[in-house]
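Order of listing sets the numbers, starting from 1, for every ligand and every atom in it. Please read all numbers here as calculations on a predicted model, not as lab measurements.
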Amino acid sequence: MKDMSDEGMKFHCVLVSGGCGFIGSNFVRWVVEHQPDTRVVVLDALTYAGRLDNIRDVLGDRVSFVHGDIRDAELLDNVVPGCDAIVHFAAESHNDNSIADPGPFVSTNVTGTYRLLEAARKYDVRFHQISTDEVYGDLALDDPARFVEGRAYNPSSPYSSSKAAADLLVRAWHRTYGVRATISNCSNNYGPYQHVEKFIPRQVTNILMGVRPKLYGDGLNVRDWIHAQDHSSAVWAVLTRGRLGQTYLIGADGERDNLTVLRAILRVMGRPEDGFDWVRDRPGHDRRYAIDPSKLRTELGWAPVHTDFESGLKATVAWYESHRGWWMPVKAATEAKYKAQGQ
Ligand code: NAD
Ligand code: DAU
């Protein structure tokens with residue numbers, strides 16, 4: 001099934017949970033393009049955030065799709081033994097949703113990860129957990145520190161605490177049962193196929209619809225941006241060359257405050273830089289995330305390709321401009337939800 005080469009472990013079939021979502025679908029496309037010897041089985045429940053259209057162009061001999069839920073142990077018994085690795089993206093992923101209704105986050109992110117880990121244990125399948133930098137909580141704006149792998153978990157929101165809980169399950173299943181597992185915690189992703197509920201696509205699609213963008217609080221919260229394709233290459237590096245039981249932080253030195261990002265979007269789209277509205281802040285809003293990616297860079301030799309944020313942003317804006325049929329059908333419902341929250 002699997003063997004070792006100079007490039008690291010080879011996997012003939014990778015099960016990608018959540019492969020119809022934003023980052024999962026970018027990862028599937030990245031594997032198809034860069035790893036010709038690997039097949040992909042996508043397992044996705046197609047929640048409001050997942051769409052088969054996101055991977056339709058690559059479905060075929062090398063990519064197959066199973067419609068199902070990661071919490072369904074019987075289904076996992078049918079799907080998991082056919083693969084030699086699981087890359088686990090499936091999650092409820094949006095902080096604002098977790099504040100409005102935390103239940104699905106505990107269920108999918110915690111129980112769902114537990115079920116997948118049990119399947120990985122039963123069938124001795126390599127497991128990689130996709131996690132977030134938010135498990136570490138936040139940093140002050142004037143703190144010179146960045147997140148490093150050994151930092152204590154201190155999550156703030158129902159979303160990030162459910163991801164932290166899942167990560168701890170992964171660590172326990174590795175230590176107690178010997179599941180061959182790794183974890184990566186990544187910063188904020190941007191790129192094509194991101195749901196319009198998230199910051200960058202929400203503002204871009206607002207502008208395309210003639211609606212003013214919405215900025216939370218004082219706009220000075222800092223996020224550390226990375227392109228979804230760079231996240232994908234980093235995940236592959238950890239999956240194939242990472243040390244079992246280890247955590248790797250993924251980031252591309254992309255710290256920017258929200259006001260700066262919004263002004264860049266307005267500039268790229270030819271609008272005045274003050275053409276937006278201030279809205280109610282997110283409860284418990286994390287101030288700053290910042291990743292120190294030294295371990296990933298030095299140990300695994302990974303480096304990002306999309307190092308120019310402005311040009312990545314331009315390409316992302318162009319993608320939303322040319323994919324109105326992709327986002328238009330879900331835009332009104334997303335904005336109605338925000339309006340009810342005063343955002
Ligand atoms: P997303 O919301 O766009 O996609 C989630 C996918 O998971 C969807 O396709 C959805 O249908 C599927 N899914 C949800 N519940 C499921 C279930 N019970 N069973 C099977 N499939 C289910 O999310 P995303 O932004 O692409 O994030 C993917 C992963 O990356 C998540 O684990 C998230 O925590 C992590 N992450 C995201 C970011 C980011 O910036 N978006 C950064 C770091 C880590
Ligand atoms: O850090 C990694 C995390 O990044 C991932 O784990 C999450 O899945 C992903 O959603 C993202 O979380 P954030 O909460 O940082 O992303 P979001 O796009 O929701 O918001 C980014 C910042 O922009 C945040 O400070 C809130 C702010 N914001 C967001 C929206 C939707 C606004 O100011 N206005 C908005 O309309």
What pairs meet the salt bridge (Lys or Arg N to Asp or Glu O under 4.0 Å) rule with one or both residues in residues 85-113, with sequence neighbours excluded?
->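 Counting only pairs at least two positions apart or across chains, the salt bridge (Lys or Arg N to Asp or Glu O under 4.0 Å) contacts touching residues 85-113 are Asp96-Arg282.
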
Indicate yes or no: does an N/O atom of [X] lie under 3.5 Å from an N/O atom of ligand 2?
X: Lys214; answer: yes
X: Asn95; answer: yes
X: Ser93; answer: yes
X: Asn221; answer: no

With rounding to the nearest 0.5 Å, note down the distance linking CZ in Arg151 to CG in Asn185.
->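 One finds 12.5 Å between CZ of Arg151 and CG of Asn185.
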
With heavy-atom distances below 4.0 Å as the criterion, list the atoms of ligand 2 near [X].
X: Thr132; result: 1 (O), 2 (C), 3 (C), 5 (C), 6 (O)
X: Glu197; result: 31 (C)
X: Gln203; result: 34 (N), 35 (C), 36 (O)
X: Asp133; result: 1 (O), 2 (C)

Are Trp30 and Ser233 close enough that a side-chain donor and a side-chain acceptor fall under 3.5 Å?
->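 On atom types as modelled, these side chains do not qualify, holding no pair under 3.5 Å.
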
Distance only, no hydrogens: is a donor on one side chain within 3.5 Å (strictly under) of an acceptor on the other, for Asn189 and His231?
->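 Short answer, yes.
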
Measure the distances from the heavy atoms of [X] to every atom of ligand 1 and state whether one is below 4.0 angstrom.
X: Ser25; answer: no
X: Cys20; answer: yes
X: Ser187; answer: yes

Residue, atom name and distance, where the atom is the protein heavy atom closest to [atom]:
atom: atom 5 (C) of ligand 1; result: Ala91 O, 3.4 Å
atom: atom 12 (O) of ligand 2; result: Glu134 OE2, 2.9 Å
atom: atom 33 (O) of ligand 2; result: Tyr216 N, 2.8 Å
atom: atom 5 (C) of ligand 2; result: Tyr159 OH, 3.5 Å
atom: atom 4 (O) of ligand 1; result: Gly21 CA, 3.4 Å
atom: atom 11 (O) of ligand 1; result: Asp44 OD1, 2.6 Å
atom: atom 43 (C) of ligand 1; result: Cys186 O, 3.3 Å
atom: atom 25 (O) of ligand 2; result: His285 NE2, 2.7 Å
atom: atom 33 (C) of ligand 1; result: Tyr159 OH, 3.5 Å
atom: atom 37 (C) of ligand 1; result: Ile23 CD1, 3.3 Å
atom: atom 35 (C) of ligand 1; result: Ile130 CG2, 3.8 Å
atom: atom 3 (O) of ligand 1; result: Phe22 N, 3.1 Å

Is it the side chain (CB and beyond), the backbone, both or neither of [X] that lies under 4.0 Å from ligand 1, heavy atoms counted?
X: Ser107; answer: neither
X: Arg71; answer: side chain
X: His94; answer: neither
X: Asn109; answer: neither

Return yes when atom [atom1] of [X] has more than 12 non-hydrogen atoms of other residues, nucleotides or ligands closer than 6.0 Å, and no otherwise.
X: Tyr216; atom1: OH; result: yes
X: Lys295; atom1: NZ; result: yes
X: Lys339; atom1: NZ; result: no

Can you tell me if Lys163 has a non-hydrogen atom under 4.0 Å from ligand 2?
->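 So Lys163 does not count as touching ligand 2.
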
Given side chain to side chain contact (heavy atoms under 4.5 Å, CB included), test Gln246 with Glu149 step by step and report yes or no.
-> CA-CA 9 Å; Gln246 293 283 309; Glu149 283 79 3; over 6 Å; no

Nearest heavy atom to atom 17 (P) of ligand 2 wins, so pick from Glu92, Arg282, Arg223, Arg288.
->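 Ranked by closest heavy atom to atom 17 (P) of ligand 2, first place is Arg282.
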
Closest to atom 10 (C) of ligand 1 (judged by heavy-atom distance), picking from Leu75, Thr111, Thr47 |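 Ranked by closest heavy atom to atom 10 (C) of ligand 1, first place is Thr47.
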
Ligand 1 to Tyr48 polar contact by distance, N or O atoms, under 3.5 Å =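 In fact, backbone or side chain, Tyr48 has no N or O that close.
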
Given side chain to side chain contact (heavy atoms under 4.5 Å, CB included), test Arg146 with Leu249 step by step and report yes or no.
-> CA-CA 11 Å; Arg146 298 194 288 175; Leu249 291 188; over 6 Å; no

Passes side chain to side chain contact (heavy atoms under 4.5 Å, CB included), Val196 versus Arg202? Steps please.
-> CA-CA 5 Å; Val196 294; Arg202 183 181 186 205; 5.5 Å; no

Start with the C-alpha gap between Arg287 and Asp218, add the side-chain angles, then the distance that decides, and say whether salt bridge (charged side-chain N to carboxylate O under 4.0 Å, His left out) holds.
-> CA-CA 10 Å; Arg287 200 57 167 156; Asp218 62 7; 2.8 Å; yes

Tell me, please, whether Tyr153 has Arg171 positioned over its six-membered ring: NZ or CZ under 6.0 Å from the ring centre and within 45 degrees of its axis?
->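 Ring-cation test returns yes.
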
